[in-house]
Amino acid sequence: MTLEFEGVNASFVESYFRLDDDLPKILVQIGKDDYVSAAINEFRGLRILRQEPWECLISYICATYKSISAISQMLANLSGKFGEKICLGSHNVYTFPKPEKLAKAALQELQECGLGYRAKYVSETVRIVHKNGLDFERLKETTYEKAREELLKLPGVGPKVADCVLLFSLEKLEAFPVDVWVKRVVLKHYAKHFQTEFVRKNTSQQSLSTSAYEKFSAFGREYFGKHAGYAQEYLYHFERVHR
DNA sequence: TTCCAGGGAGTAT
DNA sequence: ATACTCCATGGA
């Protein structure tokens, strides 16, 4: 298999696509049952990205209660308005804005990017991170639980956003983010791991309480093990394709 | 037009 | 602790 790239060096590509992970070994580890095995067999090769923590954090704060396409649009707006222009051949692209740049942005400017009520959360979190210089490198070194606790203090960051940031940018591969899609998968195919009353309640109602979230997420970490995040990613994609 | 989206925060019980 | 409610915006 070959991988072509340009404009970056090989070490970046290896890092960004997590080529340092032993994917075949991980897929064996998380292949605990026929259902997740089906997802693995269909999408074998699907990877988790090692994203830049700052970009990941702001992106997932923006992503709450929004459709994927709308999220893409919002982030493109942010980059176009506050990022740096890069010329790639014939067309221009924009980098994700740096903390110091977003820290200077007015609330209304953020709202003009389509952030809606999230503009306030982004604005406040931007200031906290920029001012105190939230040490993402330290969060990488510490445990899943401690790093999660730190992230949850930020405005606009709840358990779902925290788990996404931990998984996609802070080296916490045991994180098992539970969104509406993963919730559906677990309720449909892993119901036997929960009390029937819990399954019934969470099947009928669309919202997800904090305590219910923690039960779903803890199940994922315990059932799939230290690389539960990979299982989440395969199940998530499998559900979205076959819904 | 109505519904819902890779949820979170605020408030009432 | 748990339940209920609101939140801006855009695509389907």
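The figures here come from the full heavy-atom set of this structure, side chains too, leaving out hydrogens, waters and symmetry mates. We name chains A, B, ... by the order of the sequence lines, and we start the count at 1 in each one. As the structure is a prediction and not an experimental result, all values here were calculated from the model.
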When you check the side-chain N and O atoms of A:T196 and A:R200, is any donor under 3.5 Å from an acceptor? no
Over all strands shown, is [X] touching base, sugar-phosphate only, or nothing at heavy-atom distances under 4.0 angstrom?
X: A:A63; value: sugar-phosphate
X: A:V178; value: nothing
X: A:V182; value: nothing
X: A:K183; value: nothing
X: A:R240; value: sugar-phosphate
X: A:Q232; value: base

Could you tell me if the ring centre of A:F216 sits under 6.0 Å from that of A:F198?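 Yes, the ring centres sit under 6.0 Å apart.
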Verify the ring-centre separation between A:F238 and A:Y35: is it less than 6.0 angstrom? yes
With a 4.0 angstrom cut-off to heavy atoms of chain A, pull out the first and last contacting nucleotide of DNA chain B, in 5'-to-3' order. B:dA5 to B:dA9
Given the P atoms of B:dT11 and C:dA8, what is the spacing between them in whole Å?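 These two P atoms come out 14 Å apart once rounded.
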Restricting to pairs with a member in residues 86-95 of chain A, which pass side-chain hydrogen bond (donor to acceptor under 3.5 Å, both in side chains), not counting sequence neighbours?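 Matches after skipping sequence neighbours: none remain.
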Now, which nucleotide makes the Watson-Crick or G-U wobble pair with B:dC4, with each of the two distances under 3.5 Å?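 Here B:dC4 is engaged in a pair, and the nucleotide opposite it is C:dG10.
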Report the residue (A:C164 or A:P155) whose heavy-atom-nearest nucleotide on DNA chain B is the more 5′ of the two. A:C164
Taking the side chain from A:T125 and the backbone from A:V122, do they hold a donor-acceptor pair closer than 3.5 Å? no
A side-chain contact here means heavy atoms from C-beta on lying under 4.5 Å apart; do A:L102 and A:L110 qualify? yes
Taking any atom closer than 4.0 angstrom to a non-hydrogen atom of chain A, what span of DNA chain C does the protein reach, first nucleotide to last?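 For DNA chain C, the relevant span reads C:dT2 to C:dG11.
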Walk me through it: do A:N41 and A:Y234 pass the test side-chain hydrogen bond (donor to acceptor under 3.5 Å, both in side chains)? CA-CA 10 Å; A:N41 286 333; A:Y234 277 83; over 6 Å; no
Using 30° and 60° as the class limits, which term best fits the ring planes of A:Y190 and A:F224: parallel, tilted or perpendicular?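 A:Y190 and A:F224: perpendicular rings.
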